[in-house]
Structures are given as structure tokens and as C-alpha cells.
Amino acid sequence: MTIFSIPEATFLHELRRIERKWQKLWEEAHVFEANPDPSKPKFFLTVPYPYTSGPLHIGHGRTYTLGDVYARYKRMQGFNVLWPMAFHITGTPIASISSRISSGEERTIKLYESYVRLYVNDPKEIQRILRSFTKPENVAMFFAEVISNDFKSLGYSIDWRRRFTTGDPEYNSFVTWQFLRLKEKGFLSRGAHPVLYCPNDGNAVGEDDIQGGDEFRSEIVEFTGVKFRMSNSFLVASSLRPETLFGATNIWINPNASYVRAIVDGEEWIISEKSAEKLRYQAHEVIINERFKGADLIGRKCVNPVNGRELPILPALFVEDDNATGVVYSVPAHAPFDYVALRELQENPDLRKKLGVDPKIIEDIHPISIISIDGYSDFPAEDVVKRLGISSQLERDALEEATREIYKAEFYHGYMKDNCSIFSGIPVSEAKNKVKEWLKGKGLAVTIYETSPRPIYCRCGARIIVAVLKDQWFLNYANPHWKKLAWEALNRMQIYPRRYRKLFEDTFQWVALRPCARRRGLGTRLPFDKEWIIESLSDSTIYMAFYTIIHKIRQSGIRADQLTPEVFDYVFLGKGDPEEISNITGIDVSLLKSLRDEFDYWYPVDLRHTAVGHITNHLTFFIFHHAALFPPKHWPKAITLNEYVIREGAKMSKSKGNVLPLVEIPRKYSADLYRLYIVYAADLPTVVDWREEQVLSVLRRLRDFWNIANEILGRGDSPPRPKKLSIATKWLLSRFNTAIMRATNYLESYRFRDYVQESFFNILNAIGTFRRLAVNTPPEERAWAERYIFDKWLKLLSPVIPHVAEELWERMGGRKFLSTQQWPTPDEEFIDKDVELAIEVVERTINDVRDILHVIKRPGLSKVHLYVGPEEWKYKVCEILSSCASAKLNELIRNVMKDPELRKHGKEVVSLVRAVIDGKVPRFVPKRAIELYAFMELRDYIAQELGLKVFIHEATSPGYDPAHKAKSAMPGRPGVYIE
RNA sequence: GCGGGGGUGCCCGAGCCAGGACAAAGGGGCCGGACUCAAGAUCCGGUGGGUGCAGGCCCAUCGUGGGUUCGAAUCCCACCCCCCGCACCA
């Protein structure tokens, strides 16, 4: 942890005091509560509500802080800003946490104890809270409460009256309405769907439910079970590569495992006993008739459905009866396991004897090559097995590696050979699915699901399998009508940073069926099928609309059961007759109308800001559902996105123990420091690295600001404006007013980092420069200048460091809250590019002199003569050049030569143009008179910087020029002579 | 694997879409100087290499290699490496 030095710690302490003070005052004055006001333009900004399963960290805070900076900016811009917040409790994780705590799971209890301890000191109280976590609602309520406190102590300007959770009955009514309407529009569908499943719990399982689920990725893999006829039965052999069926030479079974003869969906199948049990969960009807050892099948034959070839059934030790059907077909040309197992049987009499294999059956088995691929022989399995020196089918790891290699190579680069029937000649990558579909179409294959990795276990201890849910509800994003609407919505939306639009577009392409309900967890029940609970991303697509009315629902005591679908139809869509709805629901007509008005005032969402991780799911659904349910005028306008946060170069994670919780920020650092750092550290599309060293440096800059500000305030009231301004003052005012313009443009285009750089760091630096430039400026003028910029500066900074700015505003005697002041506009009168350029010339000249001193190293130098301002026509050349877009020498010269006066100077013009192109003369230079004036005025400053006596000469009439340097003077580049 | 994004100086990080004023903003670190008894803080200067007793010149340089162009960190192609997403996890 940082050790701040004493002055830093003192300053931080002061900051925190100020932050608490203003948070209290804002809250008491209800400054950020927004009500419809037809006289003002509105701006509706949302950031996703947090999921309340634990504390937030500085990564989450980045997103919310950016949202707040923008909300504050827009508010000062004169918009009526609605920036609300709610809490997400829907779904399985919170339920799962509760049940784990209930069942006494040590790890979870420890983890949650540490979470609670972040917020609560009293050990007894911690235990009480922890015990309450056996109810999921209490987990949700606890974290909703502490997170909202975190947000308040970071100074977020949220309208808290509209807070709700997704478990509130009013919200349930709202979601119910959505799903009824989606169903009516035909956007829901039903069908079979495979899920990871715990037979013991009777439920689908998610990452949270799987033992070690956060350490590896568990997925569902699809095998193709191929039916090999065996008299009246089918031996069902499974493969991940159905296209290799053409190269099958035999069948492998595990001789020691138990197999069954079972009626599966009316057919008699022979499969492993273990697989028969699992198939019951995959929407198959299974009746087991007979059990026997795998060895009993050895030597019998079955028929390959693709070519009628008779294949012998042979034993193999590598076959797992627990994987898919426990039966595999052997393709020794292309599958390393098969190749090795076959060769072992052929070459090892002991093994044959042990497994009871008749040598005659196997001596005629030869690999059948069916795939051609560059870089391998006809028998890739043999190639790889030899290369890796594999000799036994029990060398599982090596064989799996070999299999992966061939699978990848053949899938991407292989072609089916001529012996593959109608699939001959096509790429393997295509053949795989085509063969599968072809077989399934003929009733010769089925899909068998398996977990990967295998086995995996539920936290309850049971083995997880794949189950097929027959009646899963889906949101059908593939619906062409719906998709078209969503595309229209996307196309008219602004996405920033622009690079992420592509990801939206790609997602829109592939998004199809999305399971939208589950059998467990928290949430809203599907209104037309109460067994199902609407899943957490599906219930969070248009909830921004709910913010517009929830506070009024609460205030007026409307009950959830009064919130019928007709109410929402009216409020959100303007459908139906309010009198009638009022009669049915008992909600007052005027109240109904005011809900409608409020929604109509705020909608659409003007900006949704969030982290990029949400693009492929939440944000896509957000757009789809708005497009489905609302008319185009209520579709969202813009999305902005930011990347995440790492810490000291490393990703934050529980296991590393390097997560910095948001709650620590206002305690160990400060809200404003955090805000300033997190916004400034990187652009939106760049990952922010939270580095203590850099945080500290930002803290020092914040303190510089604080000191300068208080120094300015300490001088009391502003002195009168001087009649004549020094060049230093002119420069500061120009620089500052330019900064207002730039900062505003940056915020308008969501360039938050540039905004902070311009309005905070650059102005801070400018004041430093000003103070050095102002050696000859009278103190009253300096004081006036600094005081002049001061209140506008505070306004500029209010969005990012609202507490500090608000405090200084108050100390300055500002009226009301700074947070509600008008955003500053630049004072055009003070913007003077020539002065800014002239100062640049002066600074550059100082550097040049230093450079020369460094090179000549002559002792006893004490004077510098500067020859400023060559002939006026040279400035004219620069002026013409600066307005030329082209950079080609001859074109530039032609442009310049258009001027008859310049043409007179012929060759000299050409060499000047060349000097500009070469960068020896700056292209943008001040007017001659101003350049001269700047040097005259700043002579003492230059002298002070260089430690030399300075003499300024007009280059066109130098009084003293022993080295003839006056003629080397160029616009923006005085001649220099040091002696 | 598929899809997306990126690789900039000792480190972080702008610039790239709209090629030219780019040895490349800003911050950090480091070096030198000022201040100080000293440390810290603060302020000033420097920070690719070489070279020069006049502000310069030469070489290298924005992942690597090609290309387009009078001109490329910026555009095109190939390769290498890194990050993110891939849905029932919110």
C-alpha cells in the first residue's frame, strides 16, 4: 500500500473532508434529482446497474465515473439530465452464493466474510450479516446498499429516488409486460437445448455451480452417434469426426466395461451401460433389456451404413465406456488411437490372447486413406505416431496430442478423397457437418452430447452431465423482421469509440436463438409458463424505461398487481384509454397520464455508457428489445464504451489478491483523486493500468492546483481590469480561452482523457508559464488575470473533480452550487493566435540560444543579440504557405509566385519556401509586428531564462551586427549572435 | 479454432480513420542544475546513437519483412507476438 508523505497525507485528509461535506450538501439540497421540465432540453444517460453479488472494484468504477463526468458536463451545458441507478439481483449467482453459505461451504463463507468486513467493523455484526446471507435477498440487499454508498462517496450525481432492484414486484410486473408483448410479436420460440446439468439437483448448472468452474472453461461437445446395423440392432458408435466414417475398418469396444441392449426411442441399440443412463437426460426414451460385458461382442460383425462394409468388433483398452456411447469406430489411417490400437493387436500375440482376439480377423485389416493433405502421407496417423514414438494405446497424453494435431491439420487443410461417395473432393471442414446432416436425415445418426472436460462435478458432489431440455424458451433474434428493426436501430446510433461498431455488426449477424429462461434463480416468472424464471440478461434490456416512472409508482403507492400489461402499454406506448385502464386497475387517471408524460419526456436514452464486454450480449439485446417494443423515436441514440482496468500491469483477480475494491478509494485515496486519475490514465478504448506511482503523481498535481487556487483566493477580490494588458497576460487569456473551446469539443466527442489533459494539466502548466513570462507584468495585473480565469476554470473542472471545485467555488463566494452553473464559453475577445505563436517563437529562440551555447562552449559569453522580424514579404510567404494544403515544392512556389510583389524576390522566395518545407522555418508564424513586440516585451524574461544580457534588434535595421546575423533572421526564427 | 482489437522511445500513453510542420504530445522514471545544513517536496534543463567552437549535420527508429508514394508511425500485403469476446456468466 502507498505510503504517502506527510504533506500528501494531510492534503488527502483535507480532500476527504471536503468530499464528505459536499456529498452531504448535494444530497440535502436534492441537486441531482431530475424532474421533467419542458423548458429545458433533456439528456437521459444510463450506465448498467451493478450486479449485487459482491463489492465493486476500481475497474467498475471507471465506467461509472465516466458516466458521471458526462452527466455533470451535460447538466452544466444546460440539459435537464437524468442519471439514475438501480441494482441487478436476477439470476443464479446470488442464489448459488446463498445456498453455498447455507450448506456451510468454507471457501464461500470466508470470501463473503472478507467482503462484509470491507464495510463493517464489528465482528458480531459481521457474523449476523453473514448468517443472513442464507437468504439470497439479503445478499442482494446488503450489496445494493453498500454499493450505493460507494457511489455516493465517489460523488456520483445520481437521482437516487429512482433506485430499484430487479427483484422488486413492480419490476416483475414490468418484465412480465415485456415478455407478453414479445410473445405476441412472435419473437419467442421453444425447442430442445443442451445444457450442463446436475442430475442430483435436477437443474442446469452454471460456472458458479461447477467445482473449479472459475479455473477452467467447461463446455458441451457434440458427438455423432452412428448406427452400425447388427442383425436387428444397431451398434451406436460415437465420433467427433463423422466424415471419417468412410475410412472405418472396425469397431472398438472396451472389453471390460458393461454394455447394454436397450430400446432407445423404439430402436434396439447396443451401447455402454453408462451412456444409456446419460441418454435418458438427452431427450431419449431408454429401456434397458439386457446387460453384458463388452468382451461378449468381440469377433462379431456389423455394417458401416455409408458403404455396407462389414466391420469386425474388436477390443481396445483406450475406449472409455463413460465417453459418449462407449463404442467407437476405428479409422486407423487418420486417428492415432485407432492406428496404435490396431497395430498392437496385429503385432502383439500376448495382447491378442489376453483380449481373446482371433488373429485371422485382424490380419486383413488395413488403414483406409480417405483424406488428402499436404505435408502428410496417405496415413497421417502413422506419420504422427512414428514421429512422436508412440507404441501403446495407453499413452493417452501423447495420443491426444497427436489427435489434436491431425484433427486441426485435416480440418483446415484436408480434402475428402475419391472414396467418399458424394463428399469426394470437398474440404474436410465442410464435409464434417454435411456427412452428419446426411446421416441424420437418413435416420442413421444422432447427436450425443458430452461435457468437456470430462468428468466435471457439481458443488453438490454429483457428476455433471449434458441434458437436453425439450421445451427451452428462446428469444428468437434470428427472426428476420426483428433483426431488420434492430439493424435499423443500430444504423442510426452513434457508437464511440468507432472501432467497436464492427463488433456490434458481427454480433447482429450471428445472434440467433438465445435461451431466455431457467428453472431456478431469482427473477420474474414467465407469465405464460410459470415453471420458468426469466434469465438475467433477458430481463435487463429496456429497464431504462422503468427509471422514468418507478419513483412515482412508489410515491403514489401503486401496488405491483395494479401494474397490468395495459398500464405499461399506455405509459410506454401510448396505447389504450387511460380512463378505462384507471377503472380496471384503480390507478388514478391523472397519475397514469403523469407516468406517460414522464416517460415521454425522458425517452429515448440519449447515451448508454458501459464496458466493452457488454457488446456481444447486453448491448445487443438492449438494441434488439428497444427495436422490438418501441417506435423508432424511442430507440437509443448513442453508446459509449470503455475498456477495463488492471493494476500494476497485472489483471486483478481474487486468486492474486490484488483486487482494489471501490470502497477503499474514498478512504485510502480520495474520490476526486480517483476520478482525475481514472479518466486521465488512458483513452476509452485503452486498458487503464492503475499504477500507484502515477496515482501519486496525479495527487501532486491536484495539490499544485489546490495551492494555486487558494493562493488566488487568498488575494481577495479581483482587482479592476487593467487598461492595457501585457503580452504575458494576453497569452494566458488566449491560451485559457482556447482551452475552454478545446475541452468542450473533447467532451462533445467523448474524448474524456483529452478533456482532462486540456482543462487540468495544460492550464496548470500554462499558469506556471504565465508566472515566468510575467516578470514585467504588474502584480495587480497578474492577480487580475489569474482571477479572471479562475471561476471559469473551476467550472471546467467541475465534472471531473466536483468536490474540490465545489469547495473552491464556495470559498470564492460563488452562488448556489457550482454543479448547477452554466458551462463556460470562450471569450473570443481574448483568443489571439498571433500572441500564442509569438510566445512559441520566443520559447524556441531561448532553446536555440541554449543549443548554441552548448555547442560553442566558449567562456566569457555574457550577451545575446536577437535580430527579430525580417522583411514583411517573408511573413507574407509564410502566411500563404500556412494556408496551402499541398506540400509539393513546385505547387507551393507557384502559389506564392501568384503575388506580383513576391515575384520580385524570385530566388529568395524559392529558398524560403524550401526552408519552410525542410522545417527550418516554422510554417505557422505570428505577424511580424507581434513577433517584434513579443521579443521587446519579454526581453527580461529571456534574459532571466538564459542568464545573459539580451539585446533585441529589428532585423531590417540592426544597430549592432558584427557577425551579420540580421540577414539570417527568418519569420518565427530570429537571428542570434552571442558574445 | 472463429470473430474483434492492438504492438509507438527505459516504462505508461497520445498520434494512425482524413500520409507531409513527427525524434514523435503528456505523465512516470533516470541524469544534470537551482533551492536546502541535509533529505523530501518544488522549480529549471536534458534523456536513440554519433558528430559539430553558431542554432546544424549524419545514421538508426514507431513488432518483423515487403509494397504504394516525391514523402509512411500513419495506406496496402505477408508474417510474428499480445489482449478481448464466443452466449445461459453477470
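Per chain, numbering begins at 1; letters A, B, ... match sequence-line order. Computed from a predicted model, the values in this text were never measured in an experiment.
- Atoms CG (A:Leu699) and P (B:U42) sit 10 Å apart, rounded to a whole Å.
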Nucleotide N/O to protein N/O under 3.5 Å, stretch nucleotides 46-51 of chain B:
none

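- With both pairing distances under 3.5 Å, B:G45 is matched to B:C31 as a Watson-Crick or G-U wobble pair.
- If you check B:G26, B:A90, B:G3 against the side chain of A:Thr92, the one that comes closest is B:A90.
- Across the interface with RNA chain B, nearest-nucleotide mapping of A:Asn765 and A:Arg518 shows A:Asn765 to be the residue nearer the 5′ end.
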Tabulate atom names and distances for all N/O pairs under 3.5 angstrom spanning the protein and nucleotides 81-87 of chain B.
| unit_1 | atom_1 | unit_2 | atom_2 | d |
| --- | --- | --- | --- | --- |
| B:C83 | O2' | A:Tyr644 | OH | 3.4 |
| B:C84 | OP1 | A:Lys651 | NZ | 2.0 |
| B:G85 | O2' | A:Thr616 | OG1 | 3.0 |
| B:A87 | OP1 | A:Arg217 | NH2 | 2.9 |
| B:A87 | O2' | A:Arg514 | NH1 | 2.5 |

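- The side-chain contact (heavy atoms from CB on, under 4.5 Å) search around A:Asp704 returns A:Arg701, A:Leu764, not counting sequence neighbours.
- Applying the side-chain contact (heavy atoms from CB on, under 4.5 Å) test to A:His193 and every residue at least two apart in sequence or in another chain returns A:Val195, A:Gln472, A:Phe474, A:Pro515.
- The CG atom of A:Leu773 sits 15 Å away from the C1' atom of B:C43 (whole-angstrom rounding).
- Judged as a salt bridge (Lys or Arg N to Asp or Glu O under 4.0 Å), and not counting sequence neighbours, A:Glu843 has no contacts.
- Look at A:Thr686 and you'll find a side-chain N or O under 4.0 angstrom from OP1 or OP2 of B:A14.
- Remark: A:Tyr64 engages A:Phe151 in a ring-ring contact (aromatic ring centres under 6.0 Å, His included) (not counting sequence neighbours).
- For the side-chain hydrogen bond (donor to acceptor under 3.5 Å, both in side chains) condition, the pairs that include at least one residue of residues 506-520 of chain A, sequence neighbours left out, are A:Thr92-A:Arg518, A:Asp209-A:Arg520, A:Lys502-A:Asp506, A:Arg514-A:Glu535.
- In this entry B:G19 has no Watson-Crick or G-U wobble partner, no candidate having both defining distances under 3.5 Å.
- Picking from B:C88, B:G55, B:A25 the nucleotide with the shortest atom distance to the side chain of A:Gln757 gives B:A25.
- Pairing for B:C2 is with B:G85, a Watson-Crick or G-U wobble pair whose two hydrogen-bonding atom distances lie under 3.5 Å.
- With sequence neighbours excluded, no residue forms a salt bridge (Lys or Arg N to Asp or Glu O under 4.0 Å) with A:Arg501.
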Considering only nitrogen or oxygen atoms on both sides, find all protein atoms under 3.5 Å from nucleotides 28-32 of chain B and state each distance.
| unit_1 | atom_1 | unit_2 | atom_2 | d |
| --- | --- | --- | --- | --- |
| B:G28 | O4' | A:Gln694 | NE2 | 3.4 |
| B:G28 | O2' | A:Glu693 | OE1 | 2.7 |

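- For A:Ala144, the side-chain contact (heavy atoms from CB on, under 4.5 Å) criterion is met by A:Thr52, A:Phe87, A:Arg163, not counting sequence neighbours.
- Within 4.0 Å (heavy atoms only), A:Ser540 reaches no atom of the nucleic acid at all.
- If you check every strand for non-hydrogen atoms under 4.0 Å, A:His618 touches nothing.
- Residues satisfying the side-chain contact (heavy atoms from CB on, under 4.5 Å) criterion with A:Ile942, sequence neighbours excluded, are A:Val842, A:Ile846, A:Leu866, A:Phe935, A:Leu946, A:Val950.
- Using a 4.0 Å cut-off, no side-chain N or O of A:Arg703 falls inside it from OP1 or OP2 of B:A41.
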For nucleotides 56-60 of chain B, print each protein N/O atom paired with a nucleotide N/O atom at under 3.5 Å, atom names and distance only.
| unit_1 | atom_1 | unit_2 | atom_2 | d |
| --- | --- | --- | --- | --- |
| B:G56 | OP1 | A:Arg973 | NH2 | 3.4 |

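- Annotation: the span from A:Arg735 atom CZ to A:Glu836 atom CD amounts to 6.0 Å, rounded to 0.5 Å.
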